[in-house]
Enquirer: 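Have a look at this one before I ask anything.
Counting convention: from 1, in listed order, for ligands and their atoms alike. Since the structure is predicted, the reported quantities are computational estimates derived from the model, not experimental observations.
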Amino acid sequence: MLTVFSPAKLNLTLRILSRRLDGYHNLCSCFLRLPYWEKMTIMKKPQGDRRDSVETYGATIIDDENILVKVLREFRGKGWNIPNVEIKLWKTTPPGAGLGSGSGNAAALISWIEGITGKKAKVEEKTAIGADVPFLASGYNCAIVGGIGEKVIVENVNFKYTFAKLILVPRWSCSTKEAFRLIDELVEYEGRREEEACMEALDVVSALNLGEKIGLLPNDFSSMLIKAHFGYKLFFECFERYGALAWGISGSGSSCFALFKEPSSAFLSAEELEGFDEIGTIIVME
Ligand SMILES: C[C@](O)(CO)[C@H](O)COP(=O)(O)OP(=O)(O)OC[C@H]1O[C@@H](n2ccc(N)nc2=O)[C@H](O)[C@@H]1O
Ligand SMILES: Nc1ncnc2c1ncn2[C@@H]1O[C@H](COP(=O)(O)OP(=O)(O)OP(=O)(O)O)[C@@H](O)[C@H]1O
């Protein structure tokens, strides 16, 4: 039996640029990988056992609707010779957290499938599973992405420091689909250019590399989420009090995060935040 650790991501910046005819949105975002986020085990079933089994622990996901089932179905549908498997998945974060953990599960399974079949999945095939699957399957630590999230514009963005990351998953969740519906109503994004959003992301990276304090990071979902949930203001005040350089909301919410130069400051901030009932999970990663 094989144990695999799947990644997730933080959006250091996230700008929506335009709505496409298929309803998806072009965006520009700086993705930061969270490695080893969730654990899964994969076991090939004996030949003749013609069913997959996918079990999830730690979050409620209907087995047949699991993104892992979608990966197996889609790639077998393209004629890939994938054995039947028994997969167990331990979720660290629930769906609707904005950390792309489901996409990370899918990316890890695709990498495993590529390994056993000797084939390479195309970017379009990964995007069909989820917009941020190509980044999560890419191995980049940090990259600036465009398109619907699948197009890497700047590969391998480098940081001088390994920031301590404090990540909060609130008890409320945000459906990505619903968040995009609201943004169409509330945010005037049409006319923005990818180059500008990309420059903004590079400015954020440069400031972090100089160790400068940035405060709230740019994310087009932030203002509506901060208005809807008073908790964010309190969490961000706590990040600032303990000396965070930058903080923000990841993806379309609900998770928020802060970057600290010193791990000890991240732990002190985390300790204070443990007092908030609205927070479901607190994670510090170096
Ligand atoms: C918003 C981000 O969190 C930014 O990192 C991600 O791009 C979302 O990625 P994801 O959850 O993998 O997205 P998908 O599962 O492909 O799409 C979920 C839903 O979000 C909306 N969606 C997603 C990505 C995108 N660029 N435009 C969209 O409008 C679509 O309504 C879609 O039906
Ligand atoms: N393995 C999985 N992990 C998480 N969600 C999954 C998984 N398989 C299927 N899903 C479904 O995918 C959807 C995930 O929703 P959503 O895109 O809002 O997630 P997210 O955590 O906010 O990630 P993102 O950052 O990509 O937006 C939910 O409807 C959930 O039931």
Enquirer: At the 4.0 Å heavy-atom cut-off, does Lys177 count as touching ligand 2?
Expert: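 For ligand 2, residue contact (heavy atoms, under 4.0 Å) with Lys177 is absent.
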Enquirer: Which residue pairs pass the side chain to side chain donor-acceptor pair (under 3.5 Å) test with at least one member in residues 214-223, sequence neighbours excluded?
Expert: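 Qualifying pairs: Arg15-Asp220, Arg192-Asp220.
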Enquirer: Measure the distance from atom 30 (C) of ligand 2 to every protein heavy atom, then report the residue, atom name and distance (to 0.1 Å) of the closest one.
Expert: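 That would be Pro95 CB, 3.6 Å.
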Enquirer: For atom 25 (O) of ligand 2, which of Ala59, Gly100, Gly251 has the closest heavy atom?
Expert: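 Looking at heavy atoms only, Gly100 sits closest to atom 25 (O) of ligand 2.
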Enquirer: Does Ile61 reach ligand 2 with a nitrogen or oxygen that is under 3.5 Å from one of the ligand's nitrogen or oxygen atoms?
Expert: no
Enquirer: Please write down residue, atom name and distance for the protein heavy atom closest to atom 26 (O) of ligand 2.
Expert: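 Going by distance alone, atom 26 (O) of ligand 2 is nearest to Asp132 OD2, 3.3 Å.
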Enquirer: Please identify each residue that fulfils salt bridge (Lys or Arg N to Asp or Glu O under 4.0 Å) with Glu278, with sequence neighbours left out.
Expert: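 None.
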Enquirer: List the closest protein heavy-atom neighbour of atom 8 (N) of ligand 2: residue, atom name, distance to the nearest 0.1 Å.
Expert: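 In this structure, atom 8 (N) of ligand 2 has Ile67 N, 2.8 Å as its nearest protein heavy atom.
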Enquirer: Listing by chain and number, which residues have a heavy atom under 4.0 Å from ligand 1?
Expert: Lys9, Asn11, Gly23, Tyr24, His25, Leu27, Phe31, Ser103, Gly130, Ala131, Asp132, Ile148, Thr176, Lys177, Phe180, Gly251
Enquirer: Any nitrogen or oxygen of Gly98, side chain or backbone, less than 3.5 Å from one on ligand 2?
Expert: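 Such a contact does occur with ligand 2.
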Enquirer: By the ring pair (Phe, Tyr, Trp, His ring centres under 6.0 Å) test, which pairs, at least two apart or in different chains, include something from residues 46-78?
Expert: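 Output for this query lists Tyr57-Trp90, Phe75-Trp80.
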Enquirer: Which protein heavy atom lies closest to atom 16 (P) of ligand 2, and at what distance to 0.1 Å?
Expert: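 Here the closest protein heavy atom is Thr176 OG1, 3.2 Å.
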Enquirer: Does the protein put a heavy atom less than 4.0 Å from atom 20 (P) of ligand 2?
Expert: yes
Enquirer: Return the closest protein heavy atom for atom 4 (C) of ligand 2 as residue, atom name and distance.
Expert: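 Residue, atom and distance for the closest contact: Lys91 NZ, 3.4 Å.
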